[in-house]
Amino acid sequence: MSEALPRKPKLEGLEQKWAERWEADGTYRFDRASSREEIYSIDTPPPTVSGSLHVGHVFSYTHTDLIARFQRMRGREVFYPMGWDDNGLPTERRVQNYFNVRCDPHAQYEPDLEVEPGGDGPPRMVSRPNFVELCLKLTGEDEQAFEDLWRRAGLSVDWSMTYTTIGEPAQRVAQLSFLDELGKGLIVHQAAPTLWDVGFRTAVAQAELEDREIGGAFHRLRFPNPGGDDVEIETTRPELLAACVAMVAHPDDDRYRPLFGQTVRSPVFGAPVPVHGHPLADPEKGTGIAMVCTFGDINDVTWWRELGLPVRPIVAPDGTIAPAEWGSEPFTADDPERAQRAYDQIAGQRIEGARKKMVELLREDGTLVGEPSPIKHAVKFFEKGDRPIEIVTSRQWFVRTMDYRDEFIARGREIDWHPPYMRARFDDWVRGLTGNWCISRQRFFGVPFPVWYPLGADGETDFESPILAGRESLPVDPSTDVPPGYEAGQRDQPGGFTADMDVMDTWATSSLSPQIAGGHPDDPDLFARVFPMDLRPQAHDIIRTWLFSTVVRSHFDHDTAPWRNAAISGWILDPDRKKMSKSKGNVVTPMGLLEQYGSDAVRYWAANGRPGADTAFDEGQMRIGRKLAVKLLNASRFVLGMPATAGGAVTEPVDLSLLARLETVVAAATAQLENYEYTAALERVETFFWFFCDNYLELVKDRRYGSRGDGPAVSADATLRVGLSACQRMFAPFLPFVAEEVWSWWQEGSVHRAAWPTPEEIREAAGPRPGDADMLQLAAAVLREVRKAKSEANLPLRTSARSVEVAASEPHAALIAQVSDDLREAGVAEELRVVPG
RNA sequence: GCGCGGUUAGCUCAGUUGGCUAGAGCACCUGCCUUACAAGCAGGGGGUCGCUGGUUCGAGUCCAGCACCGCGCACCA
């Protein structure tokens with residue numbers, strides 16, 4: 001039975017009431033028995049569980065939910081899981097701060113370790129298993145808070161399918177994919193110059209870099225040339241002078257061409273430095289000739305590789321200047337002792353200190369030309385780091401993306417992008433890749449590589465013959481599991497084995513979210529029904545990371561694009577049009593907004609952000625959304641408050657006119673939602689609904705009360721109910737709580753499982769004689785004029801006018817005449833005449 | 001430097017293949033306790049559609065150039 005009609009309906013309490021009911025009834029439960037054609041599958045972004053969700057999350061996740069709810073009402077079985085991205089650096093950093101601990105991978109596991117939050121003093125060192133336990137503990141708490149928020153916001157997720165990126169299934173998928181790609185030669189293990197964050201002491205990927213403007217200075221250095229003129233270069237990084245292995249100028253640069261093939265000396269150290277020509281050198285920059293250091297930036301790597309230069313590394317993984325021994329390769333110098341004395345003064349220092357010292361040494365040496373001139377320049381940072389990126393040679397796992405860029409771009413063209421122009425960002429990124437995708441991180445809370453290495457009799461690690469875990473044993477943790485063919489006691493012993501201690505980058509796991517969510521590889525039946533997925537919703541700032549990497553893995557592992565559609569949401573901006581900052585986002589908590597305005601109202605605001613468009617945070621829109629929700633309550637109560645005239649036929653021309661208009665609204669809103677234009681659809685429905693309330697409803701009110709007998713009353717009532725039903729259903733994706741409430745007053749079952757209205761359905765209610773959509777427009781115009789006259793006379797609208805005369809053209813007059821009784825009653829006129837004119 | 005998006009009312013934004021007097025909401029002003037809703041309803045004022053030129057019977061819409069804002073990519077000796 002439907003519920004009793006409340007006397008004074010309210011929004012308060014609807015969220016809790018219906019969230020509980022939906023959970024109890026399994027309203028959003030995914031029915032896996034459905035066929036692939038019936039299923040609509042969503043590759044939900046697993047939010048990073050490292051603190052709290054902010055308003056922007058509610059914004060973009062609502063967009064996805066709008067689509068999910070629409071598709072569900074269209075009859076699709078919606079596969080809509082939630083995932084939590086709990087592995088990775090953000091969690092580690094949060095755990096470090098929250099518990100004041102650091103991970104020592106060589107420490108012993110303490111089974112009953114209790115760590116309290118907070119605590120002053122130096123961080124406590126804990127073993128990797130203990131550290132992971134703390135990560136799991138904290139993310140577990142966060143995940144519960146996130147779920148509560150999502151339920152409150154009305155996401156129609158099937159919570160029984162929730163996954164985490166550190167969970168066992170995710171680890172299995174990630175390790176399996178790794179082994180597959182390794183087997184196909186798509187993943188390689190290489191010692192190579194790698195982007196390196198000295199703060200976190202880990203390799204990072206190109207996709208995780210960002211530019212930041214910082215202060216620096218140009219230093220002009222003179223390189224003595226025993227065989228000719230000295231050479232001057234400009235550099236912002238004089239502390240790398242000891243790592244200088246060459247100089248390069250453009251091959252066509254006449255100023256430097258005579259030097260090619262000569263060897264100059266580095267100042268202070270007196271190291272021989274050959275001069276080369278290379279087209280990457282820009283005659284316009286600095287003095288037109290550059291020093292090549294191993295390694296100052298990506299250009300250095302290119303020159304080093306293409307010119308076959310030696311590596312003279314001086315930056316240690318922790319960002320200090322490493323010790324070096326001059327007089328032995330590759331640290332050669334004319335006077336090794338002098339070089340060593342100079343070097344010892346910078347060794348052990350951090351970059352910044354070494355730079356200062358180096359300038360002093362250069363000044364004493366007389367090879368600093370003029371004074372350093374301060375500049376502001378953009379420098380690459382790891383996006384989560386706080387010191388500039390260094391390039392450090394280390395052994396890492398790489399996915400060979402460089403050789404397949406054209407194929408990725410082709411995959412991108414198989415996807416429908418919403419909005420379409422977002423594909424250009426994907427193309428730009430793929431074309432601009434400069435190196436393979438480094439997926440190994442020297443961190444702890446992540447998916448380990450399922451790899452060990454044999455140790456030679458001398459204890460040396462044999463990286464060339466990795467021992468791989470068997471597929472059936474996955475997931476494995478090589479730091480605790482023993483490789484096939486070995487005993488536990490052989491760990492780290494000569495002739496034994498050692499574990500690969502790295503973990504995968506978080507994107508290496510989340511790039512497999514469709515596979516993880518879809519149950520691959522353990523549940524091939526489910527996977528076949530949901531993959532490739534219908535929709536990937538996500539924000540535009542992670543096109544280069546999450547979107548790109550998912551395309552890569554799907555292409556390599558399944559030879560397909562991972563989804564048919566990618567819906568890219570914009571950002572939330574402050575009212576002053578700046579990107580909403582973390583601090584502000586924390587002041588305005590999502591839960592606070594949901595409580596203050598109601599979830600439907602916040603969703604209404606979110607729905608006004610079109611795909612791809614950055615949207616201002618606007619509480620005014622939430623107030624409007626709330627107003628709309630209240631209106632839906634009241635209008636529903638009014639229409640349903642009168643006894644139903646069961647099976648009544650729509651007979652009055654003006655009623656048919658309303659249905660004619662409704663039919664076009666349904667058709668348009670449906671088409672727009674099918675095309676992911678939810679904002680336009682909402683506006684369409686909303687406009688109709690206000691027209692329905694302010695004009696149609698007012699027009700037929702008296703007739704519905706029976707002013708002209710039963711037949712006309714029945715026609716009005718039937719029309720009101722058809723219109724209300726359609727509006728309630730079309731609002732359901734946007735305002736799920738209030739829509740469900742008003743639906744429950746007179747219908748069986750959830751509105752969210754009700755059929756989306758169709759033009760055919762409306763036409764059927766109208767019967768054999770279609771209405772004229774213009775008629776109601778004209779009637780509304782007349783009504784407006786009457787109201788205006790009364791308003792300008794400062795009269796109450798219910799004041800009775802003696803006579804109203806409407807002048808209209810012939811065809812219009814005929815239409816208006818058919819509404820004249822309703823108009824007379826609604827306009828409160830004793831007489832209404834329509835005259836041609 | 002290459003590319004993408006934007007510029008319409010005080011604010012936030014619609015405006016489809018070129019076509020009636022350029023729209024909505026908010027804000028503002030005026031009026032109305034009207035039996036669904038005063039957290040409501042009705043009415044009103046408000047725009048040189050960024051600039052310049054072009055195509056056209058007709059341009060917010062199409063073309064060219066420019067300016068400014070935002071973003072992506074690259075460069076950053």
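Proteins come first, then strands; the chains are lettered A, B, ... in the order of their sequence lines, and each starts at number 1.
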**Message:** Between Trp605(A) and Phe59(A), is the ring centroid distance below 6.0 Å?
**Reply:** yes
**Request:** Measure centre to centre between the rings of Phe408(A) and Phe548(A), then say whether the value is under 6.0 Å.
**Result:** yes
Collect all protein-nucleotide pairs involving nucleotides 14-17 of chain B in which both atoms are nitrogen or oxygen and the distance is under 3.5 Å.
{"residue": "rA14(B)", "atom": "OP1", "partner": "Arg610(A)", "partner atom": "NE", "Å": "2.9"}
{"residue": "rA14(B)", "atom": "OP1", "partner": "Arg610(A)", "partner atom": "NH2", "Å": "2.7"}

**Message:** Give the residues of residues 209-218 of chain A touching RNA chain B, defined as any heavy atom closer than 4.0 Å, sorted by residue number.
**Reply:** Asp211(A), Phe218(A)
**Item:** Near-strand residues of residues 294-304 of chain A, defined as heavy-atom separation under 4.0 angstrom from RNA chain B
**Value:** Asp297(A), Asn299(A)
Just the atom pairs and distances: protein N or O near nucleotides 39-47 of chain B's N or O, under 3.5 Å.
{"residue": "rC41(B)", "atom": "OP1", "partner": "Lys631(A)", "partner atom": "NZ", "Å": "2.6"}
{"residue": "rA42(B)", "atom": "OP1", "partner": "Asp694(A)", "partner atom": "OD2", "Å": "3.4"}
{"residue": "rG44(B)", "atom": "OP1", "partner": "Lys788(A)", "partner atom": "NZ", "Å": "3.4"}

Between protein and nucleic acid, restricted to nucleotides 1-10 of chain B and to nitrogen or oxygen atoms under 3.5 Å apart, what atom pairs and distances do you find?
none

**Message:** Please report the distance, rounded to the nearest Å, between CZ in Phe688(A) and C1' in rG25(B).
**Reply:** 19 Å
Which whole number of Å gives the distance between the [atom1] atom of [N] and that of [M]?
{"N": "rC75(B)", "M": "rC2(B)", "atom1": "C1'", "result": "11 Å"}
{"N": "rA38(B)", "M": "rA42(B)", "atom1": "P", "result": "13 Å"}
{"N": "rG65(B)", "M": "rC28(B)", "atom1": "C1'", "result": "40 Å"}

**Message:** If I compare all heavy atoms of Ser549(A) with all of Trp437(A), which pair ends up nearest, and what's the gap?
**Reply:** CB-CH2, 3.5 Å
**Message:** Run through RNA chain B and report every stem of 3 or more consecutive Watson-Crick or G-U pairs, distances under 3.5 Å, ordered by first number.
**Reply:** B:1-7 with B:67-73, B:10-13 with B:23-26, B:28-32 with B:40-44, B:50-54 with B:62-66
**Prompt:** Between Arg708(A) and Asp702(A), is the closest basic N to carboxylate O distance under 4.0 Å?
**Reply:** no
**Message:** In terms of relative ring orientation, are Trp743(A) and Trp746(A) parallel, tilted or perpendicular, with 30° and 60° separating the classes?
**Reply:** perpendicular
